Undergrad: 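One structure coming up, written as structure tokens, with questions to follow.
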Amino acid sequence: MTVNVDVKTFPLFINGKWEPASSQETFDVFNPADGQLVARVAKGTEADVDRAVQAARDAFDNTDWKDMNPKDRSKVLYAIAGQIAANAEELAFLEAVSSGGTVRRIGASDILQMVDLFQTLAKFTLDYPFSETLPVPPFPGPAHNFIWREPIGVCAAITPWNLPMVIATWKIAPALAMGNTVVIKPASYTPLSTLRLAEIISQVVPPGVINVVTGPGAEVGEALVRHPKVDKVAFTGSTEVGRKIMSLASETIKNTTLELGGKSPNIILEDADLSIALPGSLFGVFLHSGQLCESGTRLFVPDHMHDQVVEGLVALASKIKLGHPLDPATDVGPVISKKQKETILSYIEAGKQEGATLVCGGNAVTIPGCEEGHFVEPTIFTNVTNDMKIAREEIFGPVLSIIRYSDVEEAIRMANDTIYGLAAGVWTKDVNKAYEVARKLQAGVVWINDWHMLRSDAPFGGYKQSGIGREMGMHSLDAYTQTKHVHTSMVPEINKKNWYGILFSDTKQ
Ligand code: NAD
């Protein structure tokens, strides 16, 4: 498939306007499916970060954006959802040609998720307890007390390349719902959809409420995290960079949310219905070429079912059709880059070296018409042990490790024997057994007889080194607010203020 893309230059998006980077430089964005240049994008600098943060600061401090009543704010969120739906085709195209995600997935899932999240938070905003009245207490004395929930201020969002628009939305939607302003830095492989999304959103919100600075993580990302006028950092990316961000954010004690890597365990129990468990497990690991943080990359299988499960998985995996992401017949597109392809291939080599048995895929492939693309076959290893590198490290590619177990307790123990805790899954016909296993799994989300089922009204985030905090749902609104306790005394006479007597003996009654 050949795709002709009109190569455009995307400036930075600051204060409601397109602006070139202060460096006047750009960087290139290529289609990972065919190596074609798709856009040139402004290479932002620390000075640009400063401008964007100042615009966000002014919009927060000097306009009535943060004071908008919940009814009007809810309308703003519904309007953004409408704008996303109206521009769905263009957004999906920009996403597909830079991230390698298939239009089939982006159209059927990503766009719907984004619209649904804005609509869900629009609903939640109406009921959110912005002000809560506490009962009059006997202690420390008669008073009216409120808890007010207020926006935090300027929020920096730093996002990865795998699901750029969806992950940007997880941050932008709750930030705007609570009256914050945003400066977002997308990954350099995939900045296009975020830039267009910001432009779309800015048609509904005042200038400066949403800003985008593109450019290298080490320069633009770090400058944002360090900036003294940024109040919160919301990061999604690797655990390695997450560690760095946490440490940089500590310099100014910033409120920080981290969504990091995973090595999610998936347990098939003896009584599982394999007609669902096998396609479900492959859906859990090969969607988007395994470049999803909550992919089920370690599959635990009962010893005696091992051969049957492997045979079934290999038969299904070999039917997955690799191709150009814009071709609706494509099941799986490329991985993001040559570098990522090489990383994945080096893990496959490590699996072989450590003694795992390669039963499916294992190679880079050339797709006719996409000769310059970065494609890796869906790959399955069996005879993996939980201490092998391919079972311990996040590969972020289409590689499944199958690990045998003899009893469920052993499977759960191995499932939890990881630094990560993002997602987990269990396949069984016995719902009570499923809950028992789910209770013991250390993960932020557990799927029973399913995978990848994230909801706008449910929290998503990691246990252990998979992150701090939760996105989506009511929890995400809490993550973009800070609380203030306001006390109003109901005791107007000085001689009745008993507590003052602790300091002034002559005010005692
Ligand atoms: P990455 O950590 O390399 O980069 C993420 C973002 O951070 C990019 O925008 C990058 O430019 C920026 N960055 C890099 N160095 C920085 C620095 N020193 N300071 C500030 N910003 C910096 O991750 P990636 O390769 O883009 O994405 C893949 C990773 O993201 C995987 O580990 C995956 O598991 C994780 N991920 C997690 C979730 C989740 O919700 N938990 C979702 C998607 C992806």
Side-chain angles (χ1 to χ4, degrees), residues 27 29 32 41 43-44 46 49 98-101 110 113 156-171 183-191 193-195 212-227 230 233-249 251 254 256-264 285 287-297 335-337 339-341 343-344 347 393-397 418-423 443-445 452 454 459-472 476 479:
F27 61 93
V29 174
V41 176
K43 190 170 173 191
E46 209 172 324
V49 167
S98 55
S99 73
D110 299 24
Q113 279 190 51
I158 300 178
T159 52
W161 44 257
N162 62 331
L163 288 183
M165 285 195 295
V166 168
I167 292 172
T169 304
W170 290 353
K171 296 164 179 23
V183 181
I184 183 161
K185 191 215 94 65
S188 296
Y189 289 120
T190 55
S193 54
T194 304
L195 284 159
V212 187
V213 183
T214 45
E219 183 172 358
V220 172
E222 287 198 18
L224 262 178
V225 179
R226 285 202 145 115
H227 203 293
V230 168
V233 177
F235 171 78
T236 298
S238 59
T239 296
E240 190 191 343
V241 176
R243 253 180 226 119
K244 178 105 203 247
I245 297 229
M246 197 168 171
S247 136
L248 291 175
E251 288 172 12
K254 282 190 176 65
T256 305
T257 319
L258 302 172
E259 296 284 357
L260 309 175
K263 193 74 198 175
S264 300
V285 68
L287 189 67
H288 198 20
S289 278
Q291 300 169 115
L292 295 171
C293 50
E294 28 70 279
S295 295
T297 47
V335 298
I336 190 71
S337 63
K339 184 165 166 257
Q340 186 68 10
K341 179 176 78 179
T343 302
I344 296 164
Y347 274 108
E393 296 181 17
E394 184 183 52
I395 300 174
F396 227 55
T418 166
I419 60 165
Y420 296 111
L422 196 53
V445 57
H452 292 312
L454 300 177
F460 175 63
Y463 278 34
K464 302 194 270 187
Q465 294 186 33
S466 285
I468 299 176
R470 295 292 179 269
E471 295 193 299
M472 295 194 284
S476 66

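Atoms within each ligand, like the ligands themselves, are counted from 1 in listed order. Not measured: the values here are computed from a predicted model.
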Undergrad: Counting only heavy atoms and a distance below 4.0 Å, can you name the residues contacting ligand 1?
TA: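 Heavy-atom contacts below 4.0 Å: Ile158, Thr159, Pro160, Trp161, Asn162, Ile167, Trp170, Lys185, Pro186, Ala187, Gly217, Gly221, Glu222, Phe235, Thr236, Gly237, Ser238, Val241, Ile245, Glu259, Leu260, Gly261, Cys293, Glu394, Phe396, Leu422, Phe460.
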Undergrad: Compare every heavy atom of Thr236 with every heavy atom of Lys171, then report the nearest pair and how far apart it is.
TA: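 Looks like NZ-OG1, 2.6 Å.
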Undergrad: With sequence neighbours left out, what residues match Tyr463 under ring pair (Phe, Tyr, Trp, His ring centres under 6.0 Å)?
TA: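 Counting only residues at least two positions away or on another chain, Tyr463 forms no ring pair (Phe, Tyr, Trp, His ring centres under 6.0 Å).
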Undergrad: Carefully, step by step, assess Glu394 and Tyr420 under the rule side-chain hydrogen bond (donor to acceptor under 3.5 Å, both in side chains).
TA: CA-CA 9 Å; Glu394 184 183 52; Tyr420 296 111; 4.9 Å; no
Undergrad: Suppose we screen for salt bridge (charged side-chain N to carboxylate O under 4.0 Å, His left out). Which residues come up paired with Glu240, at least two apart in sequence or across chains?
TA: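 Partners of Glu240 by the salt bridge (charged side-chain N to carboxylate O under 4.0 Å, His left out) criterion come out as none, since no residue qualifies.
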Undergrad: Which residues pass the ring pair (Phe, Tyr, Trp, His ring centres under 6.0 Å) test with Phe396, not counting sequence neighbours?
TA: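 Scan of Phe396 (ring pair (Phe, Tyr, Trp, His ring centres under 6.0 Å), adjacent residues dropped) gives Trp161.
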Undergrad: Please step through side chain to side chain contact (heavy atoms under 4.5 Å, CB included) for the pair Thr257 and Arg470, ending with a clear verdict.
TA: CA-CA 8 Å; Thr257 319; Arg470 295 292 179 269; over 6 Å; no
